[in-house]
Amino acid sequence: MGSRTVGRGGRSLGGGLVVAVAGCLAGALTACGAGGGHGAAKPTASGAGAGASSAVAARGGTIGAPGSACRLPVTFALAKNWKPESTVPDSSGPTGSTSSSGSTSSTGSAAPDDDLAATEIADALLHQGPVTAVCEVDAKPAGHIGFLRVWTGEPGAADARSVLASFVGAEKGAAHATYRTFTTGGLSGTEVEYRVTSEILEETKTERALAVTTPDGPVVVHLGGLDDEEHRAMLPAYELAKSTLRVTAH
């Protein structure tokens with residue numbers, strides 16, 4: 001199974017990820033593929049093309065600031081009806097609470113070894129290159145199959161281009177990356193458009209991401225989608241996020 005197949009298209013990396021991974025371990029690979037639970041996949045359309053521009057979506061809420069669904073080093077506006085959720089793992093564990101003696105309560109149905117394997121895979125899915133997934137914004141309430149995901153890293157000397165190149169390089173099946181710089185709200189960053197081929201789904205689609213550096217570390221904002229058609233339909237939400245990106249005030 002590819003290191004980033006689960007959660008890359010229509011499945012959330014957040015709530016219930018460990019359960020979904022456990023299903024994969026049991027052989028339910030179809031359910032864990034992009035768009036699982038949403039019916040048949042649409043035919044893949046042609047690529048969006050490097051440097052393609054898009055309109056900006058109607059504005060909904062904002063995330064990033066203290067008190068928002070995801071506290072981040074940056075803030076940006078969300079497209080109307082897109083739903084944000086933190087992907088920071090729950091410290092209480094996936095299958096039940098742990099007593100002071102170290103024993104785990106029997107609230108889950110999976111065996112301990114399965115739980116451990118699922119947790120390890122889930123942890124791997126939450127990391128890509130130098131960054132960790134901390135927030136995802138679900139497009140489903142707006143009628144699309146895909147997510148706008150936010151990844152953060154530790155402060156350091158790496159610039160936005162280096163962070164983004166490492167992020168793309170860590171994604172299995174990624175190729176044909178085209179990088180360009182951008183500025184917004186006093187921030188200078190790099191964005192990339194690339195193609196990803198899924199071994200399980202046997203199809204190739206377009207993805208894109210941007211990276212900026214902040215005093216609290218680098219931030220990557222990534223847009224995938226079930227296929228190229230969904231990706232193009234969600235571009236206005238990505239453009240809105242990029243154009244409203246600001247460093248979070250302390």
Side-chain angles (χ1 to χ4, degrees), residues 4 7-8 11-18 20 56-94 97 119 122-142 144 146-160 162-164 166-167 170 182-191 207-224 234 236-250:
R4 305 220 157 257
R8 272 330 218 160
R11 183 165 293 280
S12 169
L13 289 176
L17 173 63
V18 173
V56 174
R59 187 167 179 160
T62 301
I63 60 169
S68 65
C70 302
R71 184 167 183 173
L72 307 168
V74 296
T75 63
F76 60 87
L78 301 178
K80 187 177 180 180
N81 295 327
W82 286 51
K83 182 180 179 181
E85 179 183 3
S86 173
T87 56
V88 177
D90 186 346
S91 60
S92 64
S97 59
T119 300
D123 182 67
L125 289 168
L126 291 171
H127 295 82
Q128 184 163 324
V131 290
T132 300
V134 294
C135 185
E136 65 182 13
V137 189
D138 191 356
K140 201 157 41 268
H144 304 295
F147 295 88
L148 192 67
R149 292 193 171 100
V150 185
W151 309 65
T152 61
E154 296 296 325
D159 59 19
S162 298
V163 170
L164 200 54
S166 296
F167 177 82
F182 71 94
T183 58
T184 181
L187 286 169
S188 296
T190 301
E191 63 179 325
E207 297 188 5
R208 70 184 64 204
L210 63 82
V212 295
T213 56
T214 78
D216 293 323
V219 178
V220 173
V221 180
H222 171 269
L223 178 68
M234 296 187 295
Y238 170 88
E239 294 294 340
L240 175 64
K242 183 174 74 170
S243 66
T244 57
L245 203 63
R246 303 291 186 271
V247 173
T248 303
H250 290 282

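When a residue number appears, it is its place in the shown sequence, counting from 1. In what follows, every heavy atom counts, from backbone to side chain, and hydrogens, waters and symmetry copies are set aside. This one's a predicted model, so the numbers in the text were calculated from it and none came from an experiment.
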First locate atom [atom1] of [X], then atom [atom2] of [Y], and finally report the distance between them rounded to the nearest 0.5 Å.
X: Thr213; Y: Leu187; atom1: OG1; atom2: CG; result: 8.0 Å
X: Lys242; Y: Thr183; atom1: NZ; atom2: OG1; result: 9.5 Å
X: Arg208; Y: His222; atom1: CZ; atom2: NE2; result: 10.5 Å
X: Cys135; Y: Leu72; atom1: SG; atom2: CG; result: 5.5 Å

Any [X] side-chain heavy atom under 4.5 Å of [Y] side chain:
X: Met234; Y: Leu223; result: yes
X: Val212; Y: Pro218; result: no
X: Glu191; Y: Tyr238; result: yes
X: Lys83; Y: Lys140; result: no
X: Val134; Y: Cys70; result: no
X: Leu78; Y: Thr62; result: no

At their closest point, which heavy atom of [X] faces which heavy atom of [Y], and how far apart are they?
X: Ala142; Y: Lys80; value: CB-O, 3.9 Å
X: Gly146; Y: Asp138; value: O-OD1, 3.7 Å
X: Ala237; Y: Ala57; value: N-CB, 3.8 Å
X: Ala160; Y: Gly189; value: CB-CA, 4.3 Å

Report task. Test Leu245 against Leu210 for side-chain contact (heavy atoms from CB on, under 4.5 Å), laying out the working first. Result -> CA-CA 11 Å; Leu245 203 63; Leu210 63 82; 3.8 Å; yes
Query - Over 12 foreign heavy atoms within 6.0 Å of CZ, Arg71 - result: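 No - once you tally the heavy atoms of other residues, nucleotides and ligands closer than 6.0 Å, there are 12 at most.
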Requested in this report: Could you give me the CA-CA distance, side-chain angles and deciding distance for Val131 and Val163, then say whether side-chain contact (heavy atoms from CB on, under 4.5 Å) is met?
Outcome: CA-CA 8 Å; Val131 290; Val163 170; 4.2 Å; yes
Report task. Take Val150 and Val220 through the side-chain contact (heavy atoms from CB on, under 4.5 Å) test and state the conclusion after the steps. Result -> CA-CA 6 Å; Val150 185; Val220 173; over 6 Å; no
Requested in this report: Return yes if some donor-acceptor pair links the side-chain N/O of Thr244 with the main-chain N/O of Leu240 below 3.5 Å, else return no.
Outcome: yes
Query raised in the report: Where the side chain of Thr184 meets the backbone of Ser243, is there a donor-acceptor pair that is under 3.5 Å apart?
Result: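 Checked: pair present.
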Requested in this report: Could you please spell out the steps behind the side-chain contact (heavy atoms from CB on, under 4.5 Å) verdict for Phe76 and Thr248?
Outcome: CA-CA 9 Å; Phe76 60 87; Thr248 303; over 6 Å; no
Report task. Using the test side-chain hydrogen bond (donor to acceptor under 3.5 Å, both in side chains), find all partners of Thr75 that sit at least two apart in sequence or belong to another chain. Result ->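 Residues passing side-chain hydrogen bond (donor to acceptor under 3.5 Å, both in side chains) with Thr75: none at all.
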Query raised in the report: Excluding sequence neighbours, so at least two apart, what forms side-chain hydrogen bond (donor to acceptor under 3.5 Å, both in side chains) with Asn81?
Result: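 Counting only residues at least two positions away or on another chain, Asn81 forms no side-chain hydrogen bond (donor to acceptor under 3.5 Å, both in side chains).
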Query raised in the report: Any idea how Trp151 and Phe167 line up, ring-wise: parallel (<30°), tilted (30 to 60°), or perpendicular (>60°)?
Result: perpendicular
